[in-house]
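This chain uses plain numbering: 1 for the first residue, then up along the sequence.
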Amino acid sequence: MNTSESLQTTVLATVEPQQLNSVLSELHNLQGVTFYTPAAGRFDLVIWLNTTEQTKVFSLVNQIRAIEGVVSTRTLIPFSGFANGRNFKQAHDSVATVLLGVNGQAQNVVKSLQQLPNVYSAYVMPGEFDIVATLYGSDYSQILTSVMKIAQTKGISTSETLFAIKPIWA
């Protein structure tokens with residue numbers, strides 16, 4: 001498992017639908033955001049921050065919340081996990097964030113996820129979701145196949161998938 005310097009904080013946001021484009025423009029100008037995408041699912045945006053340092057996370061989340069049109073946010077700060085070394089950023093437009101509930105040891109599930117193809121990262125989180133994982137693929141069909149493999153992983157009790165609509169790398 002990686003050290004905290006390489007872990008990524010994830011922010012899930014809901015946005016007023018008519019203001020999504022202006023929120024995306026504001027995110028593009030925000031220092032400390034490394035990735036963001038509109039998503040299909042319960043949350044409208046998935047945002048990655050380049051820090052887990054508490055004061056920096058607090059500042060960035062407050063900046064995101066101050067953007068006109070952002071209704072609410074959930075911040076997921078990782079305890080441990082992995083991001084593999086694949087050139088994820090450049091190679092894939094088909095991306096999904098999977099929010100997982102776990103029965104038992106979350107670390108064991110993360111180790112299992114690390115063995116699956118198309119899993120870019122998985123982090124143990126406190127709060128409503130035990131693990132947040134990022135999947136990639138050549139298309140959404142390949143991602144769905146990966147989601148089905150994850151669902152069969154021992155220890156997973158619930159999963160919710162947020163499909164990226166247009167991944168944006170900051």
Side-chain angles (χ1 to χ4, degrees), residues 2 6-28 30 33-50 64 67 69-76 78 81-103 106 108-125 127-170:
N2 292 346
S6 61
L7 301 176
Q8 117 211 334
T9 299
T10 302
V11 177
L12 305 173
T14 55
V15 176
E16 292 289 339
Q18 65 276 15
Q19 294 185 311
L20 181 61
N21 287 332
S22 64
V23 170
L24 293 173
S25 294
E26 292 291 326
L27 284 173
H28 186 71
L30 196 57
V33 171
T34 58
F35 169 84
Y36 56 97
T37 183
R42 176 174 23 154
F43 301 99
D44 301 312
L45 289 173
V46 176
I47 305 163
W48 292 355
L49 307 182
N50 68 356
I64 292 167
I67 298 171
V70 174
V71 175
S72 65
T73 61
R74 296 223 181 134
T75 304
L76 309 176
F82 75 91
N84 68 40
R86 297 181 189 119
N87 192 357
F88 173 70
K89 179 177 175 179
Q90 302 299 325
H92 302 285
D93 286 332
S94 297
V95 178
T97 299
V98 183
L99 309 170
L100 300 167
V102 173
N103 290 329
N108 294 338
V109 174
V110 168
K111 287 178 184 175
S112 295
L113 294 177
Q114 195 167 16
Q115 305 307 311
L116 295 176
N118 301 86
V119 176
Y120 171 71
S121 64
Y123 298 109
V124 176
M125 306 279 182
E128 179 181 359
F129 313 108
D130 298 311
I131 297 172
V132 62
T134 303
L135 308 178
Y136 65 91
S138 58
D139 56 29
Y140 287 108
S141 174
Q142 190 175 41
I143 289 176
L144 282 172
T145 299
S146 295
V147 168
M148 297 308 290
K149 288 179 184 175
I150 288 173
Q152 296 170 3
T153 301
K154 182 180 178 184
I156 293 179
S157 58
T158 62
S159 77
E160 180 176 343
T161 303
L162 306 172
F163 287 95
I165 295 170
K166 183 183 178 208
I168 301 164
W169 305 97

Report task. Could you check if a side-chain atom of Met125 sits within less than 4.5 angstrom of a side-chain atom of Ile131, using non-hydrogen atoms only? Result -> no
Query raised in the report: Got Asn108 and Val102 here, is their nearest side-chain heavy-atom distance under 4.5 Å?
Result: no
Query raised in the report: Can you tell if the side chain of Leu99 reaches within under 4.5 Å of the side chain of Leu12, non-hydrogen atoms only?
Result: yes
Query raised in the report: Is any side-chain heavy atom of Tyr36 less than 4.5 Å from a side-chain heavy atom of Leu24?
Result: yes
Donor-acceptor contacts, no H, no angles, side chain residues 146-155, under 3.5 Å, sequence neighbours left out:
residue, atom, partner, partner atom, Å
Ser146, OG, Gln142, O, 3.4
Thr153, OG1, Lys149, O, 3.3
Thr153, OG1, Ile150, O, 3.0

Report task. Describe, in one word, how the ring planes of Phe35 and Trp169 are oriented to each other, choosing from parallel (under 30°), tilted (30 to 60°) and perpendicular (over 60°). Result -> tilted
**Report entry** Interatomic spacing from CG in Leu116 to OG1 in Thr145 - rounded to 0.5 Å
**Finding:** 12.0 Å
**Report entry** Smallest separation among heavy atoms of Ala96 and Ile143, with atom names
**Finding:** CB-CG2, 3.7 Å
Query raised in the report: Does Thr97 use its side chain to pair, donor to acceptor, with the backbone of Leu162 at less than 3.5 Å?
Result: no
**Report entry** Non-hydrogen side-chain atoms of Leu27 and Ile47 separated by less than 4.5 Å
**Finding:** yes
Report task. Give a yes or no answer on whether the side chain of Glu16 reaches the backbone of Gly69 with a donor-acceptor pair at less than 3.5 Å. Result -> no
Query raised in the report: How many angstroms lie between atom CD of Gln8 and atom OG1 of Thr134, to the nearest 0.5 angstrom?
Result: 5.5 Å
Query raised in the report: So which heavy atom on Val11 is nearest to which on Leu49, and how close?
Result: CG2-CD1, 3.9 Å
Query raised in the report: Can you tell me if Asn118 uses its side chain to pair, donor with acceptor, with the backbone of Tyr136 under 3.5 Å?
Result: yes
Query raised in the report: Would you call the rings of Tyr120 and Trp48 parallel, tilted or perpendicular, where under 30° means parallel and over 60° means perpendicular?
Result: parallel
Requested in this report: Check each of Leu144, Val98, Leu113 against Leu135 using the side-chain contact (heavy atoms from CB on, under 4.5 Å) test, and report the only one that passes.
Outcome: Val98
Query raised in the report: Shortest non-hydrogen contact from Tyr140 to Val95?
Result: CE2-O, 3.7 Å
Report task. Could you tell me the separation between the CG atom of Asn50 and the CG atom of Leu7, rounded to the nearest 0.5 Å? Result -> 12.5 Å
Requested in this report: Scan residues 155-170 for pairs that pass salt bridge (Lys or Arg N to Asp or Glu O under 4.0 Å), counting only residues two or more places apart or in two chains.
Outcome: Arg42-Glu160
Query raised in the report: Should Val23 and Val70 count as side-chain neighbours, where that means a heavy-atom distance under 4.5 Å?
Result: yes
**Report entry** CD1 on Ile67 to OG1 on Thr73, rounded to 0.5 Å
**Finding:** 10.5 Å
Query raised in the report: Once you round to the nearest 0.5 Å, how far does CG of Leu45 lie from CD1 of Ile168?
Result: 8.5 Å
Report task. Please step through side-chain contact (heavy atoms from CB on, under 4.5 Å) for the pair Ile64 and Leu30, ending with a clear verdict. Result -> CA-CA 8 Å; Ile64 292 167; Leu30 196 57; 3.6 Å; yes
Report summary line: Closest heavy-atom pair, Tyr123 versus Gly81, reported as atoms and distance to 0.1 Å, is CD2-CA, 3.8 Å
Query - Note, Leu100 side chain near Val132 side chain (heavy atom, < 4.5 Å) - result: no
Query raised in the report: Roughly how far apart are Asp44 CG and Thr37 OG1, rounded to 0.5 Å?
Result: 11.0 Å
Query raised in the report: Any side-chain heavy-atom pair from Val119 and Phe82 closer than 4.5 angstrom?
Result: yes
